[in-house]
Colleague: 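Let me give you the structure first, and then I'll get to my questions.
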Amino acid sequence: MTNSLFATLARRPRLALLLTASALTPCPLLAQDAVTLDPVILQGQASPVSGGTGYTVTTTATGLKSGAPLTEVPMTVNTVTEQELVDRDPVQIEDALAYVPGVVASTWGMDDRFDQFTIRGFDVGVYGLFRDGLINKAQSFTGFKVDPYMIQRIDVLKGPASVLYGQNDVAGMVNMITKRPTFEHLGEARLSYGSHDTAELAVDWGDVNADKTLSWRLTGLVRDGANSIENSQDDRNLLALGVTWAPTDATSITFLAHWQKDRMMPNSMVPVAGEDYDTSNGTLPWDFLNTQHPWNKFDTEQASIGWQAEHEFNDSLLVRQNFRYARQTTDYNHLYSSGLTPGAPLPPSLNYTAFTVDEKARYWALDNQLEYRGRMGTAEHVLTVGVDLTKQVRDGGMGFGMDYNIPLSDLNFDQPVADPAPFNDGRTEVLEKGIYAQDHIRFGNGVTVTAGLRRSWVENETDDRLYGMDSYQKDSATTGMLGATWDLGNGFVPYASYGESFTVNVGQTFDGEQFQPTEGKQIEAGLRYQPAGSNLQLAAALYSIEKSNVLTADPVNPNFQIQTGEVRHRGLELEARGQLTEQLSLIAGYSYIDAKVLSSEDGDEGNEPAMVPKHAASVWAEYDFSNTVKGLSLGGGLRYVGKTWADNANSRRVDSHMLADMAARYSWDDYTAALNVTNLFDKDYYATCTVYGSGCAQGEGREITLTLSRTF
C-alpha cells in the first residue's frame with residue numbers, strides 16, 4: 001500500500017471501514033467500481049485494525065497509534081490474523097499466541113482463570129494485556145478474561161511500549177482488537193462439541209442501513225463444558241455488541257459493549273514423585289491427583305462499555321478519543337496442595353491450604369489524541385499528541401488457612417472446608433495520567449524516523465479495613481523511544497530502535513525510602529523482507545533488554561527489599577508468515593534467548609532467570625485442497641519449548657516439550673465442518689514447577705473440538 005493511499009484512508013475513517021468490509025466480505029458493487037480500489041481489496045489492509053489477508057497484515061495501529069504500514073514500525077510487531085483464528089480456533093487468548101515467536105503460551109499450564117504467557121522471556125501474563133489500545137490488565141485476582149470469538153485480530157508489540165501506553169513491562173504487550181461492524185451484512189451460527197463433554201453455541205451477526213452510515217454487529221456465545229480435571233467446569237455466557245455511526249467521511253464513532261459470565265476452575269499443581277515427595281510410601285494415584293475439592297471454584301461476571309471516536313477537521317488535523325469502562329466481580333475458592341508431611345510422629349500426609357477471594361474490580365481508561373499531518377521540506381510528518389488517564393479500583397477481601405491434611409493412607413476430598421479467616425480486606429486505587437507525543441517522519445528516499453516522549457504520573461492508594469495500614473504513594477517517570485526504518489525498494493526493510501519502559505513498585509525500604517519504578521530499556525535491530533508479488537513476509541530481529549531497579553532482598557534486613565537487582569535478556573527471533581503457494585500457507589518462528597541475572601542479593605546473581613527457554617520454535621502449515629477436493633483444507637503444527645528453570649536459584653529443571661496440533665475443514669454451500677485437535681499425541685508435560693514441594697503445573701492434554709457452522 002502506498003503512503004498516500006494510507007494517508008487518505010487514515011483521514012477518511014468511513015472509507016476505511018467500507019474497504020475493510022470489502023476485504024473481509026466480497027462486495028460485487030465495489031469489485032466493479034474504481035480500479036484504484038483493487039489493490040486495497042486484494043491486500044485487505046484498508047484499516048490498521050482489520051483482520052488481514054490470510055496469515056498476514058500490512059498495517060498496524062499498535063506500534064503507532066496513528067496507524068502505519070508494518071514496514072514503517074521500527075519494532076517487532078507480530079499479528080495473529082482473523083484467518084489464523086478461524087483455522088486454529090483457539091479456546092483462549094493464550095492459545096491464540098502459541099505460534100508467535102518469542103512468546104511462550106500457557107506458562108502456568110492448565111489454568112483457566114487467566115491468559116498467561118511470556119514475551120522475550122519475561123512473565124508478562126495478565127499485566128501485558130490491552131484491548132483496542134486500552135488497558136485490559138488484571139487487578140489482584142480479577143483478570144478481565146477475553147474470549148477469542150469476540151476478537152478479530154491480535155497484535156503482539158515486542159519491547160518497551162511505555163511512550164504510547166504508559167506503565168508496562170519492557171518485554172512488550174498484547175493488543176486484542178475487538179470485532180466491530182463491517183458495513184456489510186454478515187451472519188454466522190456455529191455449534192461445537194468437544195473433549196470433556198464441552199458443548200458450545202455461538203452467533204456472529206451484523207448488518208448496515210441503506211445509506212451505509214450506521215452498522216451494527218452482535219456476537220454471542222454459550223458454553224457448557226469442563227477441562228481434564230475431574231468434576232471441573234468451563235462454562236461461559238457472552239454477549240458483545242458493536243455499533244458504528246459514520247455520517248460523513250470525516251466523522252465516525254464506534255460503540256463497543258460486552259457482558260460475560262464464567263464458571264471455571266483454579267489451576268492445579270501436581271506433586272511429582274521422587275521430587276516433591278519420597279516414594280517409599282508409594283506414589284500418589286492419578287485419579288486423586290487429577291481431582292480437585294468440590295469446594296474449589298472461580299466464578300466471575302464482567303461487563304464493559306466504551307467508544308472509539310474520530311473526527312477530521314481538514315486534511316491536516318484530526319482528533320480521536322477512545323474510552324472504556326469495565327467492571328468484574330470474582331468469587332474464588334481454592335484448596336491447593338502446599339507440600340507433603342514426611343511422617344513421624346504423625347503418618348505421612350498431604351498438606352493443603354484454603355484460599356478465598358471475594359472482590360470487585362473496575363477500571364476507566366481514556367485516551368485523547370490530536371493528530372497533525374503535514375510536510376516540512378521533503379519530509380512528511382505524522383505528529384500524534386495525546387493525553388491519557390486510567391483508573392483501576394479493586395475492592396474486596398481474601399482469606400487464608402493452612403490447616404488441612406489428607407493422609408496418604410486415605411486419599412480423598414470428603415472432608416468439609418470452612419471459609420478461612422481473612423488476611424486482607426480493603427480498597428486499592430491506582431490512578432495513572434500521561435502526556436505523550438510521537439512524530440512519524442517519512443522521507444522521500446524510503447527512510448522513516450519515529451521519535452516519542454512521555455511523562456507519566458502514577459498514584460497508588462490503599463485503604464486497609466482489616467489492620468488500618470493505609471498507604472499512599474506517588475511516582476512519576478519519563479520514557480522515550482527513537483527508531484528508523486529504510487525501505488531499500490527491493491523488498492528488504494532494515495530497522496533499528498531504542499526504547500524505554502517503567503513499572504511501579506509499591507512499598508518502602510527498611511529506611512523508609514519509597515521504592516522507585518523498575519526501569520527497562522531495549523535496543524533492537526531487524527530486517528523485514530517480502531518477495532515482490534507475494535503474500536509471504538519474512539522477519540529477523542536481534543535485541544538486548546536490560547531491566548534495572550529490580551526488587552531484591554536486603555542483605556542487612558532480610559524482611560525488607562532494596563532495588564539493586566538487574567536482569568538482562570538478549571535474543572534472536574525469526575518469523576516466516578504468509579503463503580508459499582496459492583494452496584499452502586505457513587507460520588514459522590524461532591527464538592533464542594540468552595538471559596542472565598546481572599545483580600541480585602537473593603543468591604542468584606549470574607544465574608538464568610526462571611521460566612526462560614533458551615530455544616523455542618513453532619511451525620504451522622495449512623493446505624487448501626480446493627483444486628482437487630473443493631472446500632477441503634488440512635492444517636498441522638508443531639510447538640517446541642526448551643528446558644527452563646523453575647526458580648532463579650536454578651535448583652530445579654523443567655523439561656522441554658514438543659506438542660503437535662492439527663485442523664481439518666470442509667466447506668460446502670453455506671456450511672463448514674471443522675475438526676481441531678491440540679496436543680494431538682496427548683503428551684504429558686509440565687509447563688512450570690515450584691521449589692516448595694507443591695509440585696508442577698500440568699500442561700493441557702489432548703483437546704478435540706468438532707464444529708459445524710453456517711453463514712447466512
Side-chain angles (χ1 to χ4, degrees), residues 13-14 16-27 47 49-51 81-83 85-86 89-93 96 131-134 136 144-154 176-192 199-225 235-247 252-262 300-309 322-328 670-672 674 707-712:
R14 182 181 167 203
L17 285 166
L18 290 170
L19 292 178
T20 303
S22 70
L24 300 179
T25 306
C27 176
S47 166
V49 295
S50 74
T81 66
E82 185 174 40
Q83 189 62 53
L85 292 172
V86 169
D89 195 20
V91 177
Q92 305 177 91
I93 293 296
R131 182 158 68 91
D132 300 319
L134 300 174
N136 203 82
F144 296 100
K145 191 162 183 176
V146 175
D147 193 283
Y149 194 64
M150 65 179 282
I151 299 300
Q152 69 183 23
R153 163 180 176 162
I154 304 173
M176 303 167 286
I177 307 300
T178 309
K179 284 180 177 177
R180 56 203 62 206
T182 64
F183 278 84
E184 290 292 330
H185 171 79
L186 64 87
E188 179 193 62
R190 48 181 270 173
L191 178 65
S192 65
E200 182 177 285
L201 174 65
V203 176
D204 190 17
W205 183 24
D207 218 326
V208 62
N209 67 347
D211 60 358
K212 295 198 173 184
T213 59
L214 185 68
S215 183
W216 58 270
R217 186 169 188 171
L218 185 68
T219 305
L221 179 148
V222 177
R223 181 168 68 234
D224 183 1
D235 303 341
R236 172 165 293 163
N237 296 321
L238 165 68
L239 188 63
L241 174 65
V243 177
T244 295
W245 181 48
S252 72
I253 181 168
T254 297
F255 295 94
L256 297 169
H258 96 290
W259 169 83
Q260 182 174 312
K261 188 173 184 179
D262 293 344
T300 67
E301 184 174 5
Q302 62 172 285
S304 73
I305 187 168
W307 61 78
Q308 295 187 304
N322 298 336
F323 171 79
R324 182 164 64 246
Y325 165 75
R327 57 94 174 153
Q328 177 174 314
D670 296 328
Y671 295 89
T672 298
T707 303
L708 177 64
S709 61
R710 184 189 178 187
T711 57
F712 57 90

Colleague: State, with a plain yes or no, whether a side-chain heavy atom of V91 is found less than 4.5 Å away from one of P148.
Modeller: no
Colleague: State the OG1-CZ distance between T254 and R217, to the nearest 0.5 angstrom.
Modeller: 12.0 Å
Colleague: Begin from the C-alpha positions of R236 and D147 and carry the test salt bridge (Lys or Arg N to Asp or Glu O under 4.0 Å) through to its verdict.
Modeller: CA-CA 9 Å; R236 172 165 293 163; D147 193 283; 2.7 Å; yes
Colleague: Distance check, rounded to the nearest 0.5 Å: D89 atom CG versus T707 atom OG1?
Modeller: 5.0 Å
Colleague: Quick check: do F255 and L241 have side-chain heavy atoms less than 4.5 Å from each other?
Modeller: no
Colleague: Do N237 and L221 make a side-chain contact, defined as non-hydrogen atoms from C-beta onward lying under 4.5 Å apart?
Modeller: no
Colleague: Which value, rounded to the nearest 0.5 Å, describes the distance between Q308 atom CD and N322 atom CG?
Modeller: 4.5 Å
Colleague: How would you list, by chain and number, every residue that makes a side-chain contact (heavy atoms from CB on, under 4.5 Å) with N209, sequence neighbours excluded?
Modeller: D211, T213, L214
Colleague: Enter the distance from L256:CG to F323:CZ here, rounded to the nearest 0.5 Å.
Modeller: 12.5 Å
Colleague: Please enumerate all residues that pass side-chain contact (heavy atoms from CB on, under 4.5 Å) together with S215, with sequence neighbours excluded.
Modeller: P181, F183, V208
Colleague: Begin from the C-alpha positions of I253 and V243 and carry the test side chain to side chain contact (heavy atoms under 4.5 Å, CB included) through to its verdict.
Modeller: CA-CA 8 Å; I253 181 168; V243 177; over 6 Å; no
Colleague: For a 4.5 angstrom cut-off between non-hydrogen side-chain atoms, does K179 reach Q152?
Modeller: yes
Colleague: Any side-chain donor-acceptor pair under 3.5 Å between K145 and Q302?
Modeller: no
Colleague: Can you tell me if CH2 on W216 sees more than 12 non-hydrogen neighbours from other groups inside 6.0 Å?
Modeller: yes
Colleague: Which heavy atom in E188 sits nearest to a heavy atom in F712, and how many Å separate them?
Modeller: N-CE2, 3.3 Å
Colleague: Between L186 and D204, what is the shortest heavy-atom contact and its length?
Modeller: CD1-O, 3.6 Å
Colleague: Do R190 and T672 have side-chain heavy atoms sitting under 4.5 Å apart?
Modeller: no
Colleague: Shortest non-hydrogen contact from G51 to R153?
Modeller: CA-CB, 4.5 Å
Colleague: Check whether H258 reaches the backbone of G242 with its side chain - one donor and one acceptor, N or O, closer than 3.5 Å.
Modeller: no
Colleague: Out of curiosity, I177 CD1 to E82 CD, how far, rounded to the nearest 0.5 Å?
Modeller: 12.0 Å
Colleague: Would you find a donor on one side and an acceptor on the other, under 3.5 Å apart, between the side chain of D235 and the backbone of G225?
Modeller: yes
Colleague: Does CH2 belonging to W205 count more than 12 external heavy atoms closer than 6.0 Å?
Modeller: no
Colleague: Roughly how far apart are N136 CG and M176 CE, rounded to 0.5 Å?
Modeller: 4.5 Å
Colleague: Any side-chain donor paired with an acceptor under 3.5 Å for T178 and R131?
Modeller: yes
Colleague: Are any side-chain N or O atoms of R710 and backbone N or O atoms of D670, one a donor and one an acceptor, separated by less than 3.5 Å?
Modeller: no
Colleague: Against R180, only a single residue in D132, T219, T244 fulfils side-chain hydrogen bond (donor to acceptor under 3.5 Å, both in side chains); can you say which?
Modeller: D132
